[in-house]
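Okay, structure first, notes after.
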Amino acid sequence: GEKSRAESAVAKLRTMAREEAGTSYWNLESNTPFYGWGLAGRIETTALAVNAVKRAGEREIGRAGERENAESLVNRGLLFLLRNKDRYGVWLSTHATINVLDTLISLNEGEVAKSGVTGGAEIVVNGKRVSSVAMPPAGQLSDPITVDLSSFLSRGDNRVEIRRSSNAARASAQLVETHYEPWEQGAADRRENFRLRNSSALRLAVNYDKLEAKVGEEIVCNVTAERVGHYGYGMMLAEIGLPPGADVDRESLERAARESSGSLNQYDVLPDRVIVYLWPRAGGLKFSFNFKPRYGVKAQTAPSALYDYYNPEARVVIAPSRVVFK
């Protein structure tokens with residue numbers, strides 16, 4: 001009910017919107033209350049801002065014509081959110097996803113389903129109609145409709161279109177692809193990786209004290225994990241690659257946790273890697289653990305990675321190492 005304060009706040013929000021490729025988003029130079037930063041924090045913040053601008057526009061706060069301006073800004077913000085859905089159908093972090101879903105629900109509140117306008121959607125790849133799907137009625141919950149386009153794609157640029165009736169109810173679409181890139185030359189011999197992304201740098205170093213050993217011989221894995229950039233705060237996950245058949249000494253991990261003063265507060269041992277949950281201090285965290293090969297093998301370890309729990313986009317990866325156990 002405090003119209004003047006709301007008007008001032010929403011007016012400031014509108015001036016803070018940033019433009020990018022036909023979309024609008026709201027940036028932040030720190031963390032959200034739930035540790036989100038980088039792209040995840042930007043999504044979390046933009047969802048809240050879009051919701052606020054939309055609700056203000058509904059109440060026609062401000063001078064004449066602002067409702068139309070608000071609608072345009074909301075649509076650009078919505079486009080930013082939809083473009084940044086990740087491959088799992090969510091938005092990088094828990095609270096970013098919650099905020100986006102709340103905003104999508106808010107945008108659809110009161111929208112009357114268009115009777116009789118369900119129809120279908122045609123999928124066109126490189127100008128050729130390859131599939132047609134029946135769309136559920138507007139306002140009805142349904143499972144995602146999946147169409148495999150892999151057999152219709154060719155080398156080089158591909159154009160994928162979804163064609164529907166102009167008066168059809170609102171729907172969203174997502175295109176997901178998977179690809180492989182070769183490791184950089186000499187990557188297998190480099191046991192440290194450092195990368196700058198989104199105003200924050202992460203550093204990971206993983207060194208095994210021996211890559212050739214006898215079955216049952218103890219191998220020490222030394223790890224250094226560090227957040228170098230000054231932006232971003234919160235938990236990080238380190239995935240330390242293991243060779244096939246590695247028997248991890250859990251007591252060595254417990255010892256590393258005790259000696260870390262809380263910086264290493266949890267771990268999971270998987271068949272091909274150890275996942276460590278870290279809250280590293282300034283200067284990073286160094287720890288080690290032991291494992292023994294159970295049988296003779298010539299193979300590669302899994303790759304190792306370090307990434308931010310609240311912004312998985314910030315990530316560094318180390319290539320696998322070749323091991324020989326006899």
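Both backbone and side-chain heavy atoms feed into the values below; hydrogens, waters and symmetry mates do not. Each residue takes its place number in the sequence, starting with 1.
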query: When rounded to the nearest 0.5 angstrom, what distance separates CG in Asn84 from CZ in Arg42?
result: 8.5 Å

- prompt: Sub-3.5 Å donor-acceptor pair from the side chain of Ser8 to the main-chain atoms of Arg5, do we have one?
  reply: no

- prompt: Hey, what do you get for CZ (Phe287) to CG (Leu253), rounding to the nearest 0.5 Å?
  reply: 7.5 Å

task: Looking only at non-hydrogen atoms, find the nearest pair between Val323 and Pro243 and report the distance.
output: CG2-CB, 3.7 Å

- request: Report the C-alpha distance between Glu226 and Arg203 in whole Å, list the side-chain angles of each, state the deciding distance to 0.1 Å, and finish with yes or no for salt bridge (Lys or Arg N to Asp or Glu O under 4.0 Å).
  value: CA-CA 5 Å; Glu226 182 179 5; Arg203 175 179 286 118; 3.2 Å; yes

- line: CG (Asn222) and NZ (Lys286) are apart, to the nearest 0.5 Å, by 9.5 Å

field: From Arg258 atom CZ to Glu251 atom CD, the distance as rounded to the nearest 0.5 Å
entry: 5.0 Å

message: Assess whether a salt bridge exists between Glu161 and Arg159, defined as any Lys/Arg side-chain N lying under 4.0 Å from an Asp/Glu carboxylate O.
response: yes

- request: For the pair Asn51 (side chain) and Ala47 (backbone), establish whether a donor and an acceptor sit closer than 3.5 Å, ignoring hydrogens and angles.
  value: no

query: Between Lys292 and Gly216, what is the shortest heavy-atom contact and its length?
result: CD-O, 3.4 Å

query: For atom NZ of Lys210, is the number of surrounding heavy atoms from other residues, nucleotides or ligands below 6.0 Å larger than 12?
result: yes

message: Which heavy atom of Cys221 sits nearest to which heavy atom of Phe291, and what is that distance?
response: CB-CE2, 4.3 Å

task: Indicate if Leu211 and Val220 have the same hydrophobic cluster label, given that clusters are the connected sets of ILVMFWY residues with side-chain heavy-atom separations under 4.5 angstrom.
output: no

- prompt: What are the two closest heavy atoms between Pro312 and Tyr310, and how far apart are they?
  reply: CD-C, 3.9 Å

Heavy-atom side-chain proximity of Ile145 to Pro136 below 4.5 angstrom: yes

field: Donor-acceptor pair, side chain of Arg322 and main chain of Lys298, under 3.5 angstrom
entry: no

- request: List the steps, then state whether side-chain contact (heavy atoms from CB on, under 4.5 Å) holds for Leu204 with Thr224.
  value: CA-CA 6 Å; Leu204 175 66; Thr224 301; over 6 Å; no

field: side-chain contact (heavy atoms from CB on, under 4.5 Å) between Leu237 and Tyr277, worked out
entry: CA-CA 5 Å; Leu237 270 68; Tyr277 299 78; 3.8 Å; yes

query: Where the side chain of Ser93 meets the backbone of Ala40, is there a donor-acceptor pair that is under 3.5 Å apart?
result: no

- prompt: For Ser321, does its backbone N or O pair with a side-chain atom of Thr301 as donor and acceptor, under 3.5 Å?
  reply: yes

field: Test item: Thr97 side-chain N/O and Trp91 main-chain N/O as donor-acceptor pair under 3.5 Å
entry: yes

Point-to-point distance, once rounded to the nearest 0.5 Å, from CG of Asn27 to CG of Leu39: 10.0 Å

- prompt: Under 3.5 Å, is there a donor-acceptor pair between the side chain of Lys54 and the main chain of Leu73?
  reply: no

query: Are Leu79 and Leu81 connected in a single hydrophobic cluster, I mean Ile/Leu/Val/Met/Phe/Trp/Tyr linked by side-chain heavy atoms less than 4.5 Å apart?
result: no

field: Nearest non-hydrogen partners of Gly77 and Val50, listed with the distance
entry: CA-CG2, 3.7 Å

message: If we ignore hydrogens and angles and just use 3.5 Å, is the side chain of Asp247 paired with the main-chain N or O of Pro293 as donor and acceptor?
response: no

- prompt: Between His95 and Tyr35, does a side-chain contact (heavy atoms from CB on, under 4.5 Å) hold up when you go through it step by step?
  reply: CA-CA 9 Å; His95 275 281; Tyr35 302 112; over 6 Å; no

task: Applying side-chain hydrogen bond (donor to acceptor under 3.5 Å, both in side chains) between Trp37 and each of Asn311, Asn31, Asp308, report the one that passes.
output: Asp308

- prompt: In Å and rounded to the nearest 0.5 Å, what is the CG to OG1 distance from Leu13 to Thr15?
  reply: 8.0 Å

message: Between Asn99 (side chain only) and Glu44 (backbone N and O only), is there a donor and an acceptor less than 3.5 Å apart?
response: yes

Tyr88 with Val147, same ILVMFWY side-chain cluster at under 4.5 Å: no

query: Would you say Val90 and Leu104 are hydrophobically clustered, going by side-chain heavy atoms of ILVMFWY under 4.5 Å?
result: no

- prompt: Checking side-chain contact (heavy atoms from CB on, under 4.5 Å) for the pair Leu242/Asp272: CA distance, chi angles, key distance, verdict?
  reply: CA-CA 5 Å; Leu242 297 173; Asp272 64 342; 5.5 Å; no

- request: Verify the cluster assignment for Val269 and Val276: are they in a single hydrophobic cluster under the rule of side-chain heavy atoms below 4.5 Å apart?
  value: yes

